[in-house]
Amino acid sequence: MPELPEVETIVRRFRPLLEGRRITGFDTRWKKQLSPSLAAVRAGCVGRRIVRLARRGKFIVFQLDPPGCLLVHLRMSGRFEWGANCECEPGHLRAIWTFEDSERLLFCDPRKFGRVIYAPDLATATGELGVEPLSRAFTVAKLAALLRRHRRRLKPLLLDQRVIAGLGNIYTDEALFRAGLHPLTASDTLRPPQIAALHAAIRAVLREAIRYQGTTFDHAYAGGDMQHRLAVYGRKGQRCPRCGAAIRYARVGQRGTHFCPRCQPIRGRRRRLVRRGQRQTQAGAAR
DNA sequence: TGGTATGTTCCAAA
DNA sequence: TTTTGGAACATACC
């Protein structure tokens with residue numbers, strides 16, 4: 001469910017509750033979510049104090065003392081709750097942390113896609129992750145280099161967490177709309193003004209979404225207001241707020257993709273990539 | 001019943 | 001080697 005802005009909002013909400021607290025117990029109802037093992041997670045967090053709650057990409061990061069690192073990924077349906085009882089179905093409760101003052105942190109996750117990971121340090125756990133899009137390291141030049149390094153369609157490239165960490169399906173569609181770029185555009189064909197526009201669009205949409213505390217969808221994530229400010233995501237068939245054309249919906253890399261056919265025209269080498277994609281789809285259907 | 005879903009990872013094919 | 005599609009993970013909702 002959550003992308004960078006939602007995870008950032010959750011981290012800010014839980015930071016005052018968690019920082020400084022010492023973990024006295026950890027229990028799970030779903031061992032498969034734990035990495036590398038229940039024993040490792042329990043040994044890694046019980047008895048340690050949370051010195052800092054942070055975010056890296058879509059991971060919630062508990063920095064511990066004595067030094068260690070606990071990472072939680074909410075994936076599609078995970079959420080945190082604070083207190084004795086969870087608001088979710090009791091059967092959806094997957095993990096419980098208890099603290100020295102008997103307070104509890106609950107991890108609810110109906111679809112069981114979420115993950116709880118222990119690692120000795122952050123670098124070990126997140127070494128594969130790409131650049132933080134709101135960090136100083138994410139410059140126009142950096143984005144230009146990332147786009148040139150591959151010859152991929154923009155949408156799957158932006159969703160790849162090894163390239164940029166934190167973008168998901170909603171904000172990728174919104175950033176491409178703001179930049180006026182078609183999702184199928186080949187990444188190595190963008191010209192400098194388009195790269196600058198994409199860079200600005202990514203940062204602007206993420207900052208705005210954080211300001212509005214993310215996008216409320218269903219039970220998975222509540223409290224955000226960004227859903228009222230989305231231009232294309234989830235608006236198939238509705239009018240583009242910029243030009244009035246009907247918003248289109250297509251599958252790109254197995255993900256539902258929303259775009260304005262007039263504001264996001266196809267240019268460059270996309271034709272070749274589109275044809276290649278169609279051939280592969282036909283081959284898959286024949287199999 | 002079937003299609004879809006804010007995410008990631010594996011495999012096979014091109 | 002790089003890129004892509006499909007399936008898988010497991011559940012809820014329309």
Side-chain angles (χ1 to χ4, degrees), chain A residues 1-10 29-35 57-60 71-79 88-89 91-94 108-117 125-126 128-130 146-175 183-188 205-206 209-210 212-224 226-227 230 232-236 249-258 269-270 272-287:
Chain A
M1 155 224 76
E3 304 181 25
L4 186 154
E6 290 77 28
V7 176
E8 180 66 30
T9 302
I10 291 164
R29 314 271 169 91
W30 183 248
K31 284 184 196 168
K32 276 174 74 176
Q33 73 184 341
L34 307 176
S35 175
K58 300 174 191 171
F59 286 93
I60 299 167
L71 291 95
V72 176
H73 200 302
L74 303 170
R75 292 276 185 101
M76 293 286 268
S77 63
R79 51 186 273 185
C88 70
E89 296 264 336
H92 293 166
L93 182 57
R94 307 295 176 206
C108 311
D109 183 25
R111 289 173 68 177
K112 300 181 179 172
F113 284 175
R115 293 291 177 267
V116 177
I117 300 156
T126 63
E128 297 265 286
L129 279 187
L146 292 172
L147 293 170
R148 258 198 317 270
R149 187 174 302 165
H150 305 272
R151 184 188 301 161
R152 294 174 65 182
R153 301 166 304 174
L154 283 180
K155 164 104 183 199
L157 180 72
L158 295 177
L159 282 174
D160 190 334
Q161 302 299 298
R162 297 168 301 184
V163 179
I164 298 173
L167 285 174
N169 210 29
I170 294 177
Y171 300 115
T172 298
D173 280 3
E174 293 298 313
L184 293 177
T185 311
S187 62
D188 61 341
V205 76
L206 292 177
I210 290 171
Y212 288 91
Q213 302 188 71
T215 299
T216 294
F217 233 72
D218 42 36
H219 316 292
Y221 182 85
M226 191 63 189
Q227 65 274 16
L230 301 177
V232 289
Y233 184 86
R235 298 175 58 85
K236 169 184 169 185
Y249 176 89
R251 287 245 155 218
V252 178
Q254 290 186 289
R255 307 303 301 274
T257 299
H258 313 74
R269 204 144 71 237
R270 81 299 186 199
R272 210 155 59 79
L273 288 171
V274 170
R275 278 206 296 272
R276 191 167 71 187
Q278 286 170 345
R279 277 203 305 276
Q280 288 182 339
T281 304
Q282 285 160 7
R287 224 182 304 126

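Here is the naming used below: chain letters follow the sequence lines, and residue numbers restart at 1 for every chain.
Residues A/Tyr171 and A/Glu6 bring a donor and an acceptor atom of their side chains to less than 3.5 Å of each other.
Here A/Tyr233 lies in heavy-atom contact (under 4.0 Å) with sugar-phosphate atoms only. Using a 4.0 Å heavy-atom cutoff across all strands shown, A/Gly214 reaches no nucleic acid atom at all.
Pairing each heavy atom of A/Asp173 with each of A/Gly256, the nearest pair is OD2-O, 3.8 Å. The shortest heavy-atom contact between A/Leu4 and A/Ala165 is CD1-O, 3.8 Å.
Regarding A/Leu74, its CG atom lies at a distance of 16 Å from the C1' atom of C/dA10, rounded to whole Å. Rounded to whole Å, the distance from CG on A/Leu154 to C1' on C/dT3 is 14 Å. Between the CZ atom of A/Arg153 and the P atom of C/dT2 there is a distance of 18 Å, given to the nearest Å. Rounded to whole Å, the distance from CG on A/Leu34 to P on C/dC9 is 19 Å. With rounding to whole Å, A/Leu158 atom CG is found 12 Å from C/dT4 atom P. Atoms OH (A/Tyr221) and C1' (B/dG7) sit 17 Å apart, rounded to a whole Å. In this structure, the CD atom of A/Gln254 is 13 Å from the P atom of B/dG7, given to the nearest Å. With rounding to whole Å, A/Met76 atom CE is found 14 Å from C/dT11 atom P.
With a 6.0 Å radius and a threshold of 12 heavy atoms from other residues, nucleotides or ligands, A/Arg29 has its CZ atom at or below the threshold.
In the set B/dT8, B/dA5, C/dT3, C/dT3 carries the atom at the smallest distance from any side-chain atom of A/Arg151. Listed candidates were C/dT11, B/dG7, C/dT4. Nearest to the side chain of A/Lys58 is B/dG7. Taking every side-chain heavy atom of A/Gln161 into account, B/dT8 is the closest of B/dA5, B/dT8, C/dC9. Proximity note for A/Arg152 (side chain, C-beta onward) versus B/dA5, B/dT8, C/dT3: the nearest is C/dT3. Of all nucleotides listed (C/dT3, B/dA5, B/dG7), B/dA5 comes nearest to the side chain of A/Arg111. When distances run from any side-chain atom of A/Trp30 to the nucleotides C/dT3, C/dA10, B/dG7, the shortest one goes to C/dA10. The listed nucleotides are C/dG5, B/dT8, C/dT3; the one nearest the side chain of A/His73 is B/dT8.
The side chain of A/Tyr249 contributes an N or O atom lying less than 4.0 Å from OP1 or OP2 of B/dA5. Side-chain N/O atoms of A/Arg251 include none lying less than 4.0 angstrom from OP1 or OP2 on C/dG6. One finds no side-chain N or O of A/His150 lying less than 4.0 angstrom from the OP1 or OP2 phosphate oxygen of C/dT2. Applying the 4.0 Å criterion to OP1 and OP2 of C/dA10, one finds that A/His92 has every side-chain N and O outside that range. One finds no side-chain N or O of A/Lys32 lying less than 4.0 angstrom from the OP1 or OP2 phosphate oxygen of C/dC9. Between A/Arg255 and B/dG7, a side-chain N or O to OP1/OP2 separation shorter than 4.0 Å is present.
Taking CZ of A/Arg75 as the start and CZ of A/Arg115 as the end, the distance is 5.0 Å to the nearest 0.5 Å. Taken to the nearest 0.5 Å, the CG atom of A/Asn169 stands 10.5 Å off from the CD atom of A/Glu174.
Each of A/Glu89 and A/Pro156 has a nearest nucleotide on DNA chain C; the 5'-most of these lies closest to A/Pro156. In terms of position along DNA chain B, the nucleotide closest to A/Gly256 lies nearer the 5' end than the nucleotide closest to the other residue of the pair A/Gly256 and A/Phe59.
Using N1 to N3 plus N6-O4 or O6-N4 for Watson-Crick, or N1-O2 and O6-N3 for G-U wobble, each under 3.5 Å, C/dT4 pairs with B/dA12.
The closest side-chain heavy-atom distance from A/Val7 to A/His73 is not below 4.5 Å.
The C1' atoms of B/dT8 and C/dT1 are separated by 22 Å, rounded to the nearest whole Å.
With centroids closer than 5.5 Å and planes inclined by less than 30 degrees as the test, A/Phe113 and the base of C/dA10 fail to qualify as a stacked pair.
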